[in-house]
Amino acid sequence: MVKSVCFADKCTYEYKIRPVNKKIRDLLGYKPRQHIKETVHLWKGISADEIYSVKPSALKWQVAEHPLVDLNLDRSNCIAYIEKEGLGTPPRSSCVGCPFHNDDQWRNIKLHDTNAWIEAIEVDHSIRNLQKFKGNAYLHRSCLPLDQIEFDENQLEYSGFMDECEGMCGV
């Protein structure tokens, strides 16, 4: 019997770390795999309430800096600052098809962003038979198709787990 698995790609590396490192190389004038001689201080937008995401850089030429953590600013402090500057309330940052969404996030997308919900369902269907998995892949942790899950609109969820990719999103 083939077992189904939930889709949990390491998107932080693919869509954040790798492109940033490529851009740094480009700005410094280095080609891929060419040895970087400078030391680069990379500021990461990880807030104090995401302290579990603070990690040193894996690259010898790069020093990870965490100014929000150093200033003990959590997400609510950052939101208050942005609102005070008249820039509105920023939403949480994540991809529409992020497999780390909890039921509250899925429910919110379903109820308040029809286009994003349709896109998430399309992503969920498109990953069903990925070659690297034996069985089926799903965005939702229940390993059911997203459009078949009943999200109780009156239910609030608390997950004891830290539902973050790797927390490198920033705010």
Side-chain angles (χ1 to χ4, degrees), residues 6-30 32 35-113 115-117 119-120 123-124 138-142 146 149 151-171:
C6 293
F7 181 66
D9 189 32
K10 292 288 186 179
C11 59
T12 296
Y13 178 77
E14 186 70 26
Y15 298 111
K16 299 170 192 168
I17 296 171
R18 193 165 85 180
V20 166
N21 288 340
K22 183 183 182 315
K23 185 63 176 181
I24 291 170
R25 286 181 159 282
D26 291 347
L27 291 170
L28 293 174
Y30 288 97
H35 177 72
I36 295 179
K37 298 173 185 166
E38 292 85 1
T39 298
V40 174
H41 291 259
L42 181 63
W43 286 27
K44 296 183 177 184
I46 298 171
S47 57
D49 49 336
E50 296 178 305
I51 193 75
Y52 53 86
S53 298
V54 172
K55 298 175 178 101
S57 175
L59 302 171
K60 291 180 182 180
W61 54 269
Q62 201 175 86
V63 176
E65 303 282 351
H66 305 91
L68 300 175
V69 171
D70 294 343
L71 294 170
N72 199 30
L73 296 175
D74 64 14
R75 178 166 165 63
S76 63
N77 298 134
C78 295
I79 290 171
Y81 175 79
I82 292 169
E83 288 174 341
K84 187 179 105 189
E85 293 298 315
L87 301 172
T89 303
R92 290 193 65 87
S93 62
S94 65
C95 299
V96 169
C98 180
F100 296 100
H101 285 324
N102 61 33
D103 282 355
D104 260 354
Q105 291 165 308
W106 287 124
R107 185 181 312 105
N108 189 50
I109 292 170
K110 183 177 182 178
L111 294 176
H112 304 292
D113 192 342
N115 291 335
W117 179 246
E119 185 179 344
V123 169
D124 185 53
Y138 297 89
L139 287 180
H140 193 267
R141 71 184 86 212
S142 68
L146 200 54
I149 299 170
F151 298 103
D152 182 356
E153 294 177 31
N154 299 316
Q155 175 183 337
L156 294 177
E157 178 184 280
Y158 170 75
S159 172
F161 299 99
M162 296 173 194
D163 296 319
E164 295 288 334
C165 300
E166 289 185 27
M168 303 298 187
C169 297
V171 182

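Atoms CG and CG, on Asp49 and Asn72 in that order, are 9.5 Å from each other to the nearest 0.5 Å. Taking CD of Glu119 as the reference point, atom CG of Asp113 lies at 9.0 Å (rounded to 0.5 Å). Interatomic distance, CD of Gln62 versus CD1 of Ile36, reported as 8.0 Å (0.5 Å rounding). Atoms NZ and NZ, on Lys16 and Lys44 in that order, are 11.0 Å from each other to the nearest 0.5 Å. Atoms OG and CG, on Ser57 and Leu42 in that order, are 7.5 Å from each other to the nearest 0.5 Å.
Using a 30° and 60° split on the angle between ring planes, His140 and Phe151 fall in the perpendicular class, above 60°.
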*Show the numbers, then the answer: is there a salt bridge (Lys or Arg N to Asp or Glu O under 4.0 Å) between Asp26 and Lys23?*
CA-CA 5 Å; Asp26 291 347; Lys23 185 63 176 181; 5.5 Å; no
*Val40 and Leu59: side-chain contact (heavy atoms from CB on, under 4.5 Å), yes or no, with the steps?*
CA-CA 10 Å; Val40 174; Leu59 302 171; over 6 Å; no
*asked:* Checking Tyr81 against Leu73 for the side-chain contact (heavy atoms from CB on, under 4.5 Å) test, could you report, in this order, the C-alpha distance in whole Å, the side-chain angles of both residues, the deciding distance, and whether it holds?
replied: CA-CA 10 Å; Tyr81 175 79; Leu73 296 175; over 6 Å; no
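Counting all heavy atoms, side chain and backbone alike, Cys98 lies closest to Trp106 at O-CZ2, 3.4 Å. The minimum heavy-atom distance between Asp74 and Ser76, with the atom names listed, is OD1-OG, 2.7 Å. Residues His66 and Ile46 share a closest heavy-atom pair of CD2-CD1, 3.9 Å. In this structure, Val96 and His101 approach most closely via the heavy-atom pair O-NE2, 3.6 Å. Of all the heavy atoms in Tyr30 and Lys37, the pair that sits closest is OH-N, 3.2 Å. Scanning both residues, His41 and Glu65, for their nearest heavy atoms gives ND1-OE2, 2.7 Å.
Contact check for Pro90 versus Ile79: side-chain heavy atoms found under the 4.5 Å cut-off. Taking 4.5 Å as the limit, some side-chain heavy atom of Ser142 sits within range of a side-chain heavy atom of Ile149. Here the side chains of Val69 and Glu50 are not in contact, with every heavy-atom distance at 4.5 Å or above. Counting only heavy atoms from C-beta outward, the side chains of Trp117 and Leu146 approach each other to under 4.5 Å. Contact of the Asp124 side chain with the Tyr138 side chain is registered, since non-hydrogen atoms from C-beta on lie closer than 4.5 Å.
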